[in-house]
**Q** 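Quick one: the structure is below, questions incoming.
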Amino acid sequence: IQKAILSEARKLLPKNPPRNADEIAVVESVYWADTLNEKQRVLEERLNQAQEPLRLTLRLWLSFRWLWRLLAWWLRRKEYEFVSRSVADVIGYLQTDAEKLVHQRMEQALDRLVGDVGVVGRKAPLTIVSHSLGTVISSDFVYDQTKKRRAAGKAGFHEKAQLENFFTVGSPLALFSIKYGGPDAFKNPISVESSQGRWINIRDA
């Protein structure tokens with residue numbers, strides 16, 4: 001991201017090009033998946049153990065090698081891994097303690113980012129780039145922070161940062177409307193705080 005921004009900035013500012021990416025963009029990443037890894041590992045182990053008796057029984061009864069290979073391949077398919085890793089991420093995140101922990105990481109990363117940028121006299125312009133469940137986490141985080149600040153009579157979603165742009169890629173955010181009663185009840189999205197900013201959603205139909 002920094003390399004791409006630097007390349008574009010040099011094209012836009014040929015007379016006074018920035019020397020390095022840190023002059024124009026500071027990047028901080030948030031990794032949240034490991035907060036759910038241990039519970040998923042336990043689930044995968046139990047699912048694997050549940051299949052073992054069936055595998056052993058088939059080995060005893062099947063004498064035709066080609067048939068055993070076909071059935072063994074079928075049994076080794078990783079549908080349960082998809083469920084435990086992908087769907088379980090969503091289910092795990094919806095658990096209150098996990099959501100709080102993930103949001104804490106977002107808050108810590110944002111504090112580090114604002115500290116690195118060091119804008120004086122105004123809020124630091126923030127662009128969030130997120131993917132898949134990360135788009136839901138980012139949206140929830142901004143929504144919750146904004147709600148807390150409004151309750152305290154404060155504007156914006158953060159004391160020292162302003163949400164300039166929001167990029168979502170491969171987002172399942174619309175599916176979460178079901179949790180609140182369907183798309184008709186899903187009427188309070190977050191919004192960027194800059195008149196020049198934008199929310200761009202990139203999706204594959």
Side-chain angles (χ1 to χ4, degrees), residues 1-2 5 21-40 87-203:
I1 289 173
Q2 282 184 306
I5 290 173
D22 287 337
E23 291 179 22
I24 49 175
V26 179
V27 176
E28 179 78 36
S29 15
V30 180
Y31 183 68
W32 53 265
D34 60 328
T35 61
L36 309 173
N37 282 352
E38 180 57 22
K39 291 175 183 176
Q40 291 184 18
V87 178
D89 276 349
V90 175
I91 296 170
Y93 169 66
L94 292 175
Q95 199 259 335
T96 306
D97 290 341
E99 185 178 2
K100 282 181 181 176
L101 183 57
V102 172
H103 284 207
Q104 271 179 2
R105 288 196 180 180
M106 292 281 291
E107 199 164 354
Q108 290 163 0
L110 185 54
D111 288 343
R112 287 194 301 270
L113 192 60
V114 171
D116 290 341
V117 172
V119 178
V120 178
R122 66 185 180 93
K123 291 187 175 184
L126 174 71
T127 293
I128 295 177
V129 181
S130 53
H131 170 253
S132 193
L133 183 58
T135 66
V136 177
I137 292 170
S138 301
S139 174
D140 284 353
F141 175 73
V142 172
Y143 184 91
D144 290 349
Q145 294 298 312
T146 304
K147 189 175 178 180
K148 284 179 191 173
R149 286 178 61 79
R150 280 180 184 166
K154 298 177 180 178
F157 95 102
H158 193 270
E159 192 69 32
K160 296 181 180 179
Q162 174 176 287
L163 183 58
E164 194 92 0
N165 301 292
F166 190 40
F167 293 93
T168 49
V169 184
S171 177
L173 190 56
L175 299 177
F176 280 75
S177 67
I178 297 166
K179 178 184 175 184
Y180 300 98
D184 291 336
F186 210 42
K187 293 179 178 177
N188 296 301
I190 65 167
S191 59
V192 296
E193 299 176 289
S194 167
S195 59
Q196 296 179 326
R198 60 190 68 189
W199 176 349
I200 295 179
N201 183 55
I202 301 168
R203 73 183 188 98

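Atom set for the values below is all heavy atoms of this structure, side chains included, hydrogens, waters and symmetry mates excluded. The structure displayed is predicted, hence computed values, not measured ones.
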**Q** Side chains of W199 and S191: any donor to acceptor distance under 3.5 Å?
**A**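 No - no donor-acceptor pair under 3.5 Å links their side chains.
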
**Q** Rounded to the nearest 0.5 Å, what separation is found between the OG1 atom of T168 and the CD1 atom of I202?
**A**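 So the OG1 of T168 and the CD1 of I202 are separated by 7.5 Å.
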
**Q** How close do G170 and P172 get, heavy atom to heavy atom, and via which atoms?
**A**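 That would be O-CD, 3.5 Å.
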
**Q** Among pairs that include at least one residue of residues 94-115, which meet ring pair (Phe, Tyr, Trp, His ring centres under 6.0 Å), considering only residues two or more places apart or in two chains?
**A**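 Qualifying pairs: H103-F141.
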
**Q** Could you pull out all residues at least two apart from H158 that satisfy ring-ring contact (aromatic ring centres under 6.0 Å, His included)?
**A**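 Partners of H158 under the ring-ring contact (aromatic ring centres under 6.0 Å, His included) test: none.
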
**Q** Does S139 have any side chain to side chain contact (heavy atoms under 4.5 Å, CB included) partners at least two apart in sequence or in another chain, and if so, which?
**A**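 Scan of S139 (side chain to side chain contact (heavy atoms under 4.5 Å, CB included), adjacent residues dropped) gives F166, L173, I190.
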
**Q** Check side-chain hydrogen bond (donor to acceptor under 3.5 Å, both in side chains) between Q104 and all other residues, then give those that pass, not counting sequence neighbours.
**A**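 Applying side-chain hydrogen bond (donor to acceptor under 3.5 Å, both in side chains) to Q104 gives none.
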
**Q** Could you tell me whether the side chain of I137 reaches within less than 4.5 Å of the side chain of S130, counting heavy atoms only?
**A**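 Answer no - side chains too far apart.
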
**Q** To the nearest 0.5 Å, what is the distance between OG1 on T127 and CG on L163?
**A**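 CG of L163 is found 7.5 Å from OG1 of T127.
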
**Q** Quick one: list whatever passes side-chain hydrogen bond (donor to acceptor under 3.5 Å, both in side chains) with R150, sequence neighbours left out.
**A**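 With sequence neighbours excluded, R150 shows a side-chain hydrogen bond (donor to acceptor under 3.5 Å, both in side chains) to no residue whatsoever.
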
**Q** For E28, check side-chain hydrogen bond (donor to acceptor under 3.5 Å, both in side chains) against everything at least two apart and list the hits.
**A**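 E28: side-chain hydrogen bond (donor to acceptor under 3.5 Å, both in side chains) contacts with R112.
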
**Q** Might you work through the side chain to side chain contact (heavy atoms under 4.5 Å, CB included) test for R122 and Q162, ending with a clear yes or no?
**A** CA-CA 9 Å; R122 66 185 180 93; Q162 174 176 287; over 6 Å; no

**Q** Determine whether D22 and Q2 satisfy the following criterion, side chain to side chain contact (heavy atoms under 4.5 Å, CB included), listing intermediate values before the conclusion.
**A** CA-CA 8 Å; D22 287 337; Q2 282 184 306; 3.0 Å; yes

**Q** Kindly give the heavy-atom pair with the smallest separation between N165 and G197, and that separation in Å.
**A**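 For N165 versus G197, the nearest heavy atoms are OD1-CA, 3.4 Å.
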
**Q** Test: salt bridge (Lys or Arg N to Asp or Glu O under 4.0 Å). Region: residues 155-177. Which pairs qualify, not counting sequence neighbours?
**A**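 Qualifying pairs: R149-E159.
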
**Q** I need the I1 CD1 to F167 CZ distance, nearest 0.5 Å.
**A**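 Going from the CD1 atom of I1 to the CZ atom of F167 covers 9.5 Å.
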
**Q** Nearest 0.5 angstrom please: D140 CG to M106 CE, how far?
**A**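 Rounded to the nearest 0.5 Å, the CG-CE separation comes out at 9.5 Å.
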
**Q** Quick one: salt bridge (Lys or Arg N to Asp or Glu O under 4.0 Å) pairs with a partner in residues 91-105, sequence neighbours left out?
**A**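 Listed by first then second residue: D34-R105.
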
**Q** Can you name the residues that form a ring-ring contact (aromatic ring centres under 6.0 Å, His included) with F186, not counting sequence neighbours?
**A**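 Per chain and number, F186 pairs via ring-ring contact (aromatic ring centres under 6.0 Å, His included) with Y180.
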
**Q** The criterion is side chain to side chain contact (heavy atoms under 4.5 Å, CB included); which residues satisfy it with I178, sequence neighbours excluded?
**A**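 Result, side chain to side chain contact (heavy atoms under 4.5 Å, CB included) vs I178: none returned.
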
**Q** According to side-chain hydrogen bond (donor to acceptor under 3.5 Å, both in side chains), who are the partners of E23, at least two apart in sequence or on a separate chain?
**A**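 With sequence neighbours excluded, E23 shows a side-chain hydrogen bond (donor to acceptor under 3.5 Å, both in side chains) to R19, given in chain and number order.
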
**Q** With salt bridge (Lys or Arg N to Asp or Glu O under 4.0 Å) as the rule and sequence neighbours excluded, what pairs involving residues 175-203 come up?
**A**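 Not a single pair qualifies under salt bridge (Lys or Arg N to Asp or Glu O under 4.0 Å).
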
